[in-house]
Amino acid sequence: MYLEAFTTFFSELTDTRQSAKITYPLEDILFVTLCGVIAGAEGWSEIRDYADGHLDWFQQHGYLSDGVPVDDTIARTISRIDPEQFRLCFIKWMQAVHEITQGQLIAIDGKTLRGSYQRGNRQSTIHMVNAFACKNKLVLGQVKTSEKSNEITAIPDLIKLLDIEGALVSIDAMGCQVNIAEHIVEQGGDYLFTLKSNQGNLHKAVETAFSETRKAPLGGVSFELQHGRIEARVYHVLSAKQFKEEFSQWPQLQTLGMSMSFRQQKGKAPELMYRYHISSAELTEQQLAEAVRAHWAVENSLHWVLDVCMAEDACQIYQDHGAENWAMLRQAALNMLRSESSKGSIPAKQKRAWMKTAYLEAVLNAGFSDMAN
């Protein structure tokens, strides 16, 4: 069933190679590469090693009838796939297997592929913007920022590709822009933006709105003791309706939020920090607290896992579209490994997939199951 689903969504990719010189079909090389990344391969030669070690299994499934291509062939083929086409295939796949529920939090944040620069030109390093479903821990899509640009221009492009109807889209201060808020609302979603002090009038206006709240005794404080430090947090909300004139440029603005955090760590001075938020959703203090905390899942459950468990920062692939396409393969693999229900860390699951094709099949079935139904 997973083979049919894989073909359904990824057969739309255009093979740019000269047809007379093709020995290994694009679908074969892409499927083998995806399986290799699921199993923890970190480069082209390891993809070839994985295919060579499980050649009988691939051939039983109709792939690699002419044997295993050399790693240079795998590299050239994957690196020349149009990343925009690949991105659309990935997003269609995720829309097929992941249903947005009312109020679900989608966190959007950027990440640099540190090893992706053209050798001799550090300025060419690729920066990606990811959309992450925090509850299910699934990557929904990603886009690359344009050269000499930043996340502000990439975020609207990513939002346009996603189905965000009914979702709450959280973005940090970089994406706190009126036009981004308009894109989200137009597509039926709600926005939650975190502000920074360098945003001048907006930050000052929200801070002023909470000036009386900051003077009052704090209630609803939650304490945590972990990793040798004490942390306390409290959240407050105000209806934006009473400040309508001050925030008239923000579409359908409903809630102003404030989060206070206190941290005491042994040997260090205590830290007290106030953060401010705006949202088009009518949020309670509890809902704001849950959304603000959940947003950081994009750092802890995605970026950290990509770096520590899947060695993304150490990856030295950079030729053509190789870095961008490999990043999408890595995120596809992560989604599928998480969809498979057996216990174990991501590295443990990758080792199982490397050793046992039966486990690889379980991961593929889990990742493509809803598409096959």
Side-chain angles (χ1 to χ4, degrees), residues 1-19 22-41 44 46-48 50-51 54-55 57-66 68-69 71 73-98 128 130-131 133 138-144 158 161-163 310 317 320-340 353 357 360-373:
M1 297 295 282
Y2 58 82
L3 296 177
E4 297 174 9
F6 172 81
T7 300
T8 297
F9 279 83
F10 292 98
S11 62
E12 300 177 11
L13 294 173
T14 301
D15 193 342
T16 59
R17 295 174 295 171
Q18 296 179 13
S19 57
I22 294 176
T23 302
Y24 305 97
L26 174 61
E27 184 178 330
D28 287 34
I29 293 179
L30 181 59
F31 182 71
V32 166
T33 303
L34 175 60
C35 292
V37 175
I38 290 172
W44 306 118
E46 291 188 9
I47 297 295
R48 187 192 185 286
Y50 186 76
H54 301 288
L55 179 58
W57 182 84
F58 283 111
Q59 290 183 338
Q60 288 170 13
H61 289 74
Y63 296 102
L64 301 181
S65 58
D66 291 312
V68 180
D71 48 348
T73 299
I74 298 172
R76 285 195 304 270
T77 304
I78 297 299
S79 298
R80 291 177 183 175
I81 293 175
D82 181 346
E84 292 189 12
Q85 281 191 349
F86 201 12
R87 183 183 308 120
L88 289 175
C89 291
F90 179 92
I91 290 174
K92 287 180 181 178
W93 165 41
M94 289 315 301
Q95 289 175 347
V97 301
H98 178 73
M128 309 295 293
N130 303 309
L138 294 175
V139 183
L140 302 181
Q142 66 171 5
V143 296
K144 184 181 77 170
L158 178 57
L161 297 173
L162 301 175
D163 176 12
M310 304 184 80
I317 293 170
D320 298 321
H321 304 302
E324 187 175 355
N325 289 340
W326 191 279
M328 280 187 276
L329 285 164
R330 193 182 291 113
Q331 294 190 350
L334 179 59
N335 283 352
M336 299 175 88
L337 288 163
R338 279 185 164 149
S339 296
E340 198 280 318
T357 54
L360 173 67
E361 289 185 345
V363 174
L364 292 167
N365 274 318
F368 286 116
S369 59
D370 288 349
M371 287 193 293
N373 294 332

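In what follows, residues are counted from 1 in the order of the sequence shown.
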Ser339 and side chain to side chain contact (heavy atoms under 4.5 Å, CB included): which partner among Val363, Leu364, Leu138? Leu138
Which heavy atom of Val68 sits nearest a heavy atom of Arg48, and at what distance? CG1-CG, 3.6 Å
Show the nearest heavy-atom pair for residues Ile91 and Gly141, with the distance to one decimal. CG1-CA, 4.0 Å
Mind telling me whether Phe58 and Tyr50 have parallel, tilted or perpendicular rings, with 30° and 60° as the class edges? perpendicular
Drop me the distance from Glu27's CD to Asp15's CG, to the nearest 0.5 angstrom. 11.0 Å
Nearest 0.5 Å, please: how far is OG1 in Thr77 from CD1 in Ile29? 3.5 Å
I need the Leu329 CG to Phe90 CZ distance, nearest 0.5 Å. 9.5 Å
Nearest atoms (heavy-atom pairs only) where Leu158 meets Gln142: CD1-N, 3.8 Å
Classify the angle between the aromatic ring planes of Phe368 and Trp93 as parallel (below 30°), tilted (30 to 60°) or perpendicular (above 60°). tilted
Met336 versus Ile38, closest heavy-atom pair with distance: SD-CD1, 3.9 Å
For Ile47 and Ala41 the tightest heavy-atom approach is CD1-CB, 3.6 Å
OG1/Thr7 to CG/Leu30 distance, rounded to the nearest 0.5 angstrom? 10.0 Å
In this structure, NE2 of His54 is separated from CG of Leu64 (nearest 0.5 Å) by 12.5 Å
